Chemist: 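The structure is given below, and queries will be raised subsequently.
Computed from a predicted model, the values in this text were never measured in an experiment. Note that ligands are numbered from 1 as they come in the structure, with each ligand's atoms numbered from 1 the same way.
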Amino acid sequence: MQIGIVGLPVSGKSTLFQTITKTHFDQFQLAKSEAHHAVIKVPDERLNKLTEIFKPQKKTNTSIEFVDVVGLQKGDSNSAQFTGNFLSTVKTNDALIQVVHLFENESVPHPSGSIDMMRDINTFETEFILSDLGILEKRIESLHKQIQKLHDDHLKHELALLKKCAEILQEEKPLREVEFSKEEYFILKNYQLLTIKPMLIALNLDENHTSGVEKFLDVLVRTKVGKNTKVIYFFGEIELEMSDLDNADAKDFMSEYGIKESALDSIIREAYNLLGLQSFFTVGEDECRAWTIRKGMNVQEAAGVIHSDFYNKFIRAEVTHYNDFITHGSFAKAKEHGAWLLEGKEYIVEDGDIISVRHG
Ligand SMILES: Nc1nc2c(ncn2[C@@H]2O[C@H](COP(=O)(O)OP(=O)(O)OP(=O)(O)O)[C@@H](O)[C@H]2O)c(=O)[nH]1
Ligand SMILES: [Mg+2]
């Protein structure tokens with residue numbers, strides 16, 4: 001899974017990127033015009049606990065790749081200028097985090113001269129909408145021409161869909177809020193549209209906001225947050241300072257500032273929600289591992305994520321939920337209590353299942 005961090009100039013994108021990836025940029029890296037990539041391990045207390053119990057040789061978390069997307073032109077940000085470089089880096093992400101500049105910092109004033117959450121979010125949305133409209137209109141034109149020659153039903157169907165999307169965008173509505181069928185998504189995927197991507201709005205606050213955050217959230221939730229959009233907030237500067245501390249010190253630091261959840265934790269939680277993801281585990285003496293899959297996948301599909309052979313030669317799967325395993329203390333005890341089950345391929349995996357695949 002790849003998540004792109006986007007936003008207007010000096011909103012705190014690189015600050016957030018460094019915080020969640022525990023990296024530190026020097027001036028040279030900050031000025032670089034390419035995107036920065038980093039893969040982070042998704043922290044999971046349950047995996048830690050399983051590792052304590054099984055003492056495997058290896059522990060493997062699932063991972064998320066974050067991209068600090070650069071390429072927005074600095075200076076006049078009344079209208080953000082999307083360069084080709086920016087667009088090509090954004091297009092490939094599964095979801096986007098939009099950072100919004102709400103911190104007051106005299107040495108880093110907001111490029112537009114004032115702090116205004118709704119203005120910034122709307123500016124950004126408008127640019128995304130215009131970019132998508134540009135792509136769709138070009139394709140609609142060429143489809144018209146093709147259909148005149150070919151009279152192909154698939155193309156007609158596609159044309160109707162693209163026209164519907166263009167109309168929605170013209171009403172200034174992002175496509176992520178629209179309910180599409182599976183087939184429609186499949187067609188639209190080819191166009192790598194921006195407004196169809198799930199969006200996490202991340203409000204970058206300063207220490208004066210540690211109480212009263214609700215004020216910002218209320219406004220947003222009432223006016224802006226439709227389907228496939230979530231809002232989180234973080235304290236860019238404070239959390240960057242904190243990112244070097246070990247867990248215990250970081251907890252103290254957070255409670256000192258009244259910060260309830262770190263940026264990384266809230267981003268992972270909401271990104272999983274937005275993308276409809278969940279984790280399951282495999283355990284053993286050689287490795288304890290967390291795997292990420294989409295909600296609704298059956299156990300044969302989940303087995304295929306581990307290895308394609310497990311999918312092809314799937315027989316059954318032993319399934320015990322993490323909570324039951326912890327409650328009963330072992331698979332044998334879980335089995336006595338009916339919490340260890342042998343499931344067929346139709347079984348729908350639940351978040352936290354511990355799975356062992358039996359295959360041919
Ligand atoms: N006081 C304060 N300063 C912040 C905060 N977040 C970022 N800054 C400062 O704002 C400046 C810009 O932050 P960056 O993270 O580089 O912003 P960016 O969005 O990556 O900027 P560009 O990539 O240049 O568009 C830096 O000097 C940060 O130290 C914050 O929460 N509080
Ligand atoms: Mg930056």
Chemist: Taking 4.0 angstrom as the limit and counting only heavy atoms of S14, give me the atoms of ligand 1 inside it, by number and element.
Modeler: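 Within the 4.0 Å cut-off of S14, ligand 1 contributes 15 (O), 16 (O), 18 (P), 20 (O).
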Chemist: Check if G7 has a non-hydrogen atom at a distance under 4.0 Å from any atom of ligand 1.
Modeler: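 No heavy atom of G7 comes that close to ligand 1.
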Chemist: Please set out all donor-acceptor pairs under 3.5 angstrom arising from side-chain atoms of residues 352-360, sequence neighbours excluded.
Modeler:
from: D353; atom 1: OD2; to: Y347; atom 2: OH; distance (Å): 2.7
from: D353; atom 1: OD2; to: E350; atom 2: N; distance (Å): 2.8
from: R358; atom 1: NE; to: E318; atom 2: OE2; distance (Å): 2.9
from: R358; atom 1: NH2; to: E318; atom 2: OE2; distance (Å): 3.3

Chemist: Answer yes or no as to whether an N/O/S atom of S14 is found below 2.8 Å from the Mg ion (ligand 2).
Modeler: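 Checking the Mg ion (ligand 2) against S14, an N, O or S atom does fall under 2.8 Å.
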Chemist: Under 3.5 Å between some N or O of ligand 1 and some N or O of F235?
Modeler: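 No.
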Chemist: So for ligand 1, is S11 a polar contact partner (N or O within less than 3.5 Å, distance only)?
Modeler: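 Such a contact does occur with ligand 1.
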Chemist: Could you tell me whether the side chain of L96 reaches within less than 4.5 Å of the side chain of P198, counting heavy atoms only?
Modeler: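 A side-chain contact under 4.5 Å is absent here.
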Chemist: Under a 4.0 angstrom heavy-atom cut-off, which atoms of ligand 1 come close to L205?
Modeler: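 Once the distances to L205 are compared, the set is 31 (O).
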Chemist: For atom 17 (O) of ligand 1, which of the options S107, G12, P111 provides the nearest non-hydrogen atom?
Modeler: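 Closest candidate by heavy-atom distance is G12.
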Chemist: E237 to ligand 1: N or O pair under 3.5 Å?
Modeler: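 It does: an N or O of E237 is found under 3.5 Å from an N or O of ligand 1.
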Chemist: Any chance the rings of F66 and H36 have centres within less than 6.0 Å?
Modeler: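 No.
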Chemist: Please list, in number order, the atoms of ligand 1 under 4.0 Å from a heavy atom of G236.
Modeler: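 Listed by number with element, the hits are 31 (O).
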Chemist: Would the F314 and F310 ring centres measure less than 6.0 Å apart?
Modeler: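 When the ring centroids of F314 and F310 are compared, they turn out to be at least 6.0 Å apart.
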Chemist: Can you tell me which portion of T15 lies within the under-4.0 Å heavy-atom range of ligand 1? Options are side chain, backbone, both, or neither.
Modeler: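 Both backbone and side chain.
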Chemist: Show every ring-ring contact (aromatic ring centres under 6.0 Å, His included) that has at least one partner inside residues 43-62, sequence neighbours left out.
Modeler: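 For residues 43-62, and leaving out neighbouring residues, the ring-ring contact (aromatic ring centres under 6.0 Å, His included) pairs sorted by first residue read F54-F325.
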Chemist: Ring centres of F17 and F25 under 6.0 Å apart?
Modeler: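 Yes, close enough.
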Chemist: Would you call the rings of F235 and Y233 parallel, tilted or perpendicular, where under 30° means parallel and over 60° means perpendicular?
Modeler: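 If you compare the ring of F235 with that of Y233, the planes turn out perpendicular.
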